[in-house]
Participant: 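Please read through the structure below; I'll follow up with questions.
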Protein chains: 2
Amino acid sequence: MGTADRKAKEKEQLKSLILDSARKLFVEKGVEQTTIRSIAKSIDYSVGTVYVYFRDKNAILNELHTQGFAQLGGLFKVLAHVENPMERLIAMGRLYIKFAMENPDMYELMFTLKAPMEVLDQAKNEEWNEGISAFTVLKTTVEQCIAANHFKGHEPEPLTFMIWSLVHGMCSLHISDRTNGVHLNHANHIVDAGYEEFLKILKKL
Amino acid sequence: MGTADRKAKEKEQLKSLILDSARKLFVEKGVEQTTIRSIAKSIDYSVGTVYVYFRDKNAILNELHTQGFAQLGGLFKVLAHVENPMERLIAMGRLYIKFAMENPDMYELMFTLKAPMEVLDQAKNEEWNEGISAFTVLKTTVEQCIAANHFKGHEPEPLTFMIWSLVHGMCSLHISDRTNGVHLNHANHIVDAGYEEFLKILKKL
DNA sequence: TGCATTATTGAACAATGTTCATTTATATTT
DNA sequence: AAATATAAATGAACATTGTTCAATAATGCA
């Protein structure tokens with residue numbers, strides 16, 4: 001069965017080729033400008049071929065969104081050695097913001113755009129595993145903070161959601177161009193300045 | 001010059017008719033499904049006429065986005081009589097969340113979608129007045145809180161941005177379908193539960 | 001070599017935003 | 001009132017998109 005294996009491998013390779021090309025175009029030109037035709041053209045295949053490997057454009061966006069979570073997860077691994085959960089929490093926030101600022105299109109795909117979510121069949125009760133995993137990582141750290149006597153009187157899950165939302169909100173507003181009106185005296189970026197305020201609050205808890 | 005006045009009024013009326021119809025379709029079907037053709041059809045005019053009154057689809061979305069801010073601003077007026085700035089701040093957050101949950105499409109238009117922002121000519125240094133006004137209202141309340149001895153050691157503007165982001169982040173994640181994985185024991189909605197955690201923090205500041 | 005399976009193709013379709021020469025309606029002038 | 005000038009409205013036509021699918025080409029097997 002050597003041929004079957006090889007063909008399976010070739011299929012995987014072409015699928016990866018499509019995805020890599022799609023990601024490249026997507027980061028360069030954005031979601032809307034990344035057309036199936038432009039993807040096909042960039043890898044010298046026809047539009048039809050793309051549709052052999054992906055049900056539709058949303059399926060491609062969904063895979064890219066999954067890759068984004070893998071990338072972010074990879075970055076977070078560096079923080080595993082930080083013993084102090086509070087320190088780790090703070091560092092996670094910084095890294096999250098850094099990732100969002102440096103990869104705004106990927107971030108949108110991961111946390112804002114509806115398209116990559118639409119492959120989840122609600123009838124089948126399919127869940128957003130990437131998000132749940134990422135949330136769980138954050139929640140674990142928050143729970144360790146609570147175990148270390150921080151956040152007294154708080155509920156882990158809603159608190160985790162609140163912290164996530166705080167950081168996400170800043171990134172999201174910035175990426176959606178809603179922070180232009182917020183002028184600052186400081187040389188600091190508004191998102192960084194906002195995060196500093198959050199850190200001041202953390203110290204009081 | 002009675003005729004000129006009347007014609008100007010008629011033009012305004014038709015413009016309003018287009019906008020009203022657009023908003024209706026938009027709230028019913030979403031942005032993408034609200035096509036120029038469907039708008040034209042619903043008011044028994046041709047597509048060309050719509051383009052006489054609006055440069056492009058983004059211009060329509062921008063006007064609806066402005067209407068959204070007017071609507072939200074109207075809701076906030078009810079809070080003017082709340083003397084205690086901290087109470088007012090808390091009530092503003094609740095109202096903001098209520099508005100976002102009840103008008104998710106409008107909310108997206110106001111705070112997430114890029115389209116309505118694209119009418120702002122960056123070469124002309126045009127600013128996002130709706131957002132700036134809304135931000136200023138919130139900032140004023142935060143400053144009054146500071147004057148009432150809350151938020152010691154905080155900078156008004158970044159703190160305001162942080163609070164806004166916190167609430168926006170929760171609404172935004174929910175509207176973008178990113179809260180499905182976050183299960184709760186409580187009967188509470190996750191966004192409300194998250195806001196409760198924020199209130200607990202406020203009490204410690 | 002001939003056949004069967006698999007992979008690839010790209011023309012064709014429907015839907016969309018947008019334009020603009022043409023037509024219709026309205027207002028002004030003679 | 002008729003003729004003319006201005007303004008408003010039209011909708012066919014274009015370019016671009018996602019998507020489909022019968023036809024073609026390539027590959028594996030007997």
Side-chain angles (χ1 to χ4, degrees), chain A residues 1-19 21-23 25-26 28-65 109 113-119, chain B residues 1-19 21-23 25-26 28-65 109 113-119:
Chain A
M1 312 297 133
T3 51
D5 288 4
R6 197 204 60 212
K7 290 190 102 179
K9 211 166 265 180
E10 281 175 357
K11 284 192 80 167
E12 276 307 308
Q13 282 181 0
L14 184 44
K15 190 168 183 179
S16 295
L17 186 63
I18 294 172
L19 277 177
S21 169
R23 192 177 56 244
L25 286 167
F26 164 70
E28 277 173 11
K29 317 271 188 183
V31 219
E32 308 232 314
Q33 296 302 320
T34 303
T35 68
I36 306 292
R37 281 173 181 81
S38 69
I39 295 171
K41 195 172 199 175
S42 74
I43 58 172
D44 283 310
Y45 276 88
S46 72
V47 277
T49 303
V50 176
Y51 278 90
V52 171
Y53 291 84
F54 296 94
R55 185 211 299 276
D56 54 23
K57 192 178 176 183
N58 284 350
I60 299 178
L61 294 178
N62 182 273
E63 294 241 21
L64 292 182
H65 130 281
L109 205 56
L113 295 184
K114 297 253 178 77
M117 293 292 113
E118 276 164 11
V119 313
Chain B
M1 310 301 129
T3 52
D5 288 3
R6 196 204 62 210
K7 290 190 101 179
K9 213 168 263 181
E10 281 176 356
K11 284 192 78 168
E12 276 307 309
Q13 282 181 0
L14 185 44
K15 190 168 182 178
S16 295
L17 186 64
I18 295 172
L19 278 177
S21 169
R23 193 178 54 245
L25 285 167
F26 164 71
E28 276 173 9
K29 315 272 188 181
V31 220
E32 308 232 315
Q33 296 301 320
T34 303
T35 68
I36 306 292
R37 281 174 181 79
S38 69
I39 294 171
K41 195 171 200 175
S42 74
I43 57 172
D44 282 310
Y45 276 88
S46 72
V47 277
T49 302
V50 176
Y51 279 91
V52 170
Y53 290 83
F54 296 93
R55 184 213 298 276
D56 53 23
K57 192 179 176 182
N58 284 349
I60 299 178
L61 294 178
N62 181 274
E63 293 241 22
L64 292 182
H65 131 281
L109 206 56
L113 295 183
K114 298 253 177 76
M117 293 291 112
E118 275 165 11
V119 313

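First the proteins, then the strands, lettered A, B, ... as listed; each starts at 1. Heavy-atom basis, side chains included; hydrogens, waters and symmetry copies ignored.
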Participant: Specify the closest pair of heavy atoms between A:K11 and A:Y53, including all atoms of both residues, with the distance to one decimal.
Facilitator: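 Distance-wise, the nearest heavy atoms are O-CE2, 3.5 Å.
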Participant: Could you list by number each residue of residues 32-43 of chain B showing a heavy-atom separation from DNA chain D of less than 4.0 Å, or answer none if no residue does?
Facilitator: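 Within residues 32-43 of chain B, the residues near DNA chain D are B:R37.
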Participant: For the pair made of CG in B:L25 and C1' in C:dT16, what is the distance, rounded to whole Å?
Facilitator: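 Between C1' of C:dT16 and CG of B:L25: 15 Å.
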Participant: From CD of B:E12 over to P of D:dA8, roughly how many Å is that when rounded to an integer?
Facilitator: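 In whole Å, D:dA8 P and B:E12 CD are 12 Å from each other.
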Participant: Of the options D:dT10, C:dT9, C:dG10, whose atoms approach the side-chain atoms of A:V47 most closely?
Facilitator: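 Of D:dT10, C:dT9, C:dG10, C:dG10 is nearest to the side chain of A:V47.
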Participant: Between CG of B:L109 and NE2 of B:H65, what distance do you get to the nearest 0.5 Å?
Facilitator: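 B:L109 CG to B:H65 NE2: 7.0 Å, rounded to 0.5 Å.
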Participant: What is the distance from atom CG of A:L25 to atom OG1 of A:T35, rounded to the nearest 0.5 Å?
Facilitator: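 One gets 8.0 Å once the value is rounded to the nearest 0.5 Å.
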Participant: Does A:K57 use its side chain to pair, donor to acceptor, with the backbone of A:A115 at less than 3.5 Å?
Facilitator: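 No.
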Participant: Which residue lies toward the 5' end of DNA chain D, B:V52 or A:V31, if each is placed at its nearest nucleotide?
Facilitator: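 Its nearest nucleotide being more 5', the pick is B:V52.
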Participant: So does B:Y51 get a side-chain nitrogen or oxygen closer than 4.0 Å to the phosphate oxygens (OP1/OP2) of D:dG11?
Facilitator: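 No.
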Participant: Rounding to an integer number of Å, can you tell me how far A:L17 CG sits from C:dT8 C1'?
Facilitator: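 Checked: the CG to C1' distance equals 15 Å.
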Participant: Please state how far atom CD in A:E10 lies from atom P in D:dA26, giving the value in whole angstrom units.
Facilitator: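 For the pair A:E10 CD and D:dA26 P, the rounded distance is 15 Å.
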Participant: Between P on D:dA8 and CD on B:Q13, what's the gap in Å once rounded to a whole number?
Facilitator: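 B:Q13 atom CD is separated from D:dA8 atom P by 14 Å.
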Participant: Is it true that, when you exclude B:E32 itself, more than 12 heavy atoms of the residues, nucleotides or ligands shown sit nearer than 6.0 Å to its CD?
Facilitator: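 Counting neighbours around CD of B:E32, 12 or fewer heavy atoms of other residues, nucleotides or ligands fall under 6.0 Å, so no.
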Participant: Going by number, which of residues 54-63 of chain A have a non-hydrogen atom under 4.0 Å from DNA chain D?
Facilitator: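 Heavy-atom cutoff 4.0 Å gives A:D56, A:K57.
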Participant: Between B:D44 (CG) and D:dT10 (C1'), how many Å, whole number?
Facilitator: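 Distance, rounded to whole Å: 14 Å.
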Participant: For A:S46 and C:dT9, is the shortest distance between a side-chain N/O and OP1 or OP2 below 4.0 Å?
Facilitator: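 The answer is yes; a side-chain N or O of A:S46 sits under 4.0 Å from OP1 or OP2.
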Participant: Would you compute the distance between atom NZ of B:K9 and atom CD of B:E12 and round it to the nearest 0.5 angstrom?
Facilitator: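 Here the rounded value is 10.5 Å.
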Participant: Between B:T34 and B:G30, which heavy-atom pair has the shortest distance, and what is it?
Facilitator: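 Looking at all heavy atoms of both residues, the shortest contact is OG1-O, 2.7 Å.
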Participant: Look at the side chain of A:K11 and decide which nucleotide, out of C:dA7, D:dA9, D:dA12, has an atom nearest to it.
Facilitator: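 Nearest to the side-chain atoms of A:K11, counting from C-beta on, is C:dA7.
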Participant: How many angstroms lie between CG in B:L113 and CG in B:N62, if you round to the nearest 0.5 Å?
Facilitator: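 Answer rounded to 0.5 Å: 12.0 Å.
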Participant: Got a second to check how far A:T49's OG1 is from A:D44's CG, nearest 0.5 Å?
Facilitator: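 If we round to the nearest 0.5 Å, A:T49:OG1 and A:D44:CG are 11.0 Å apart.
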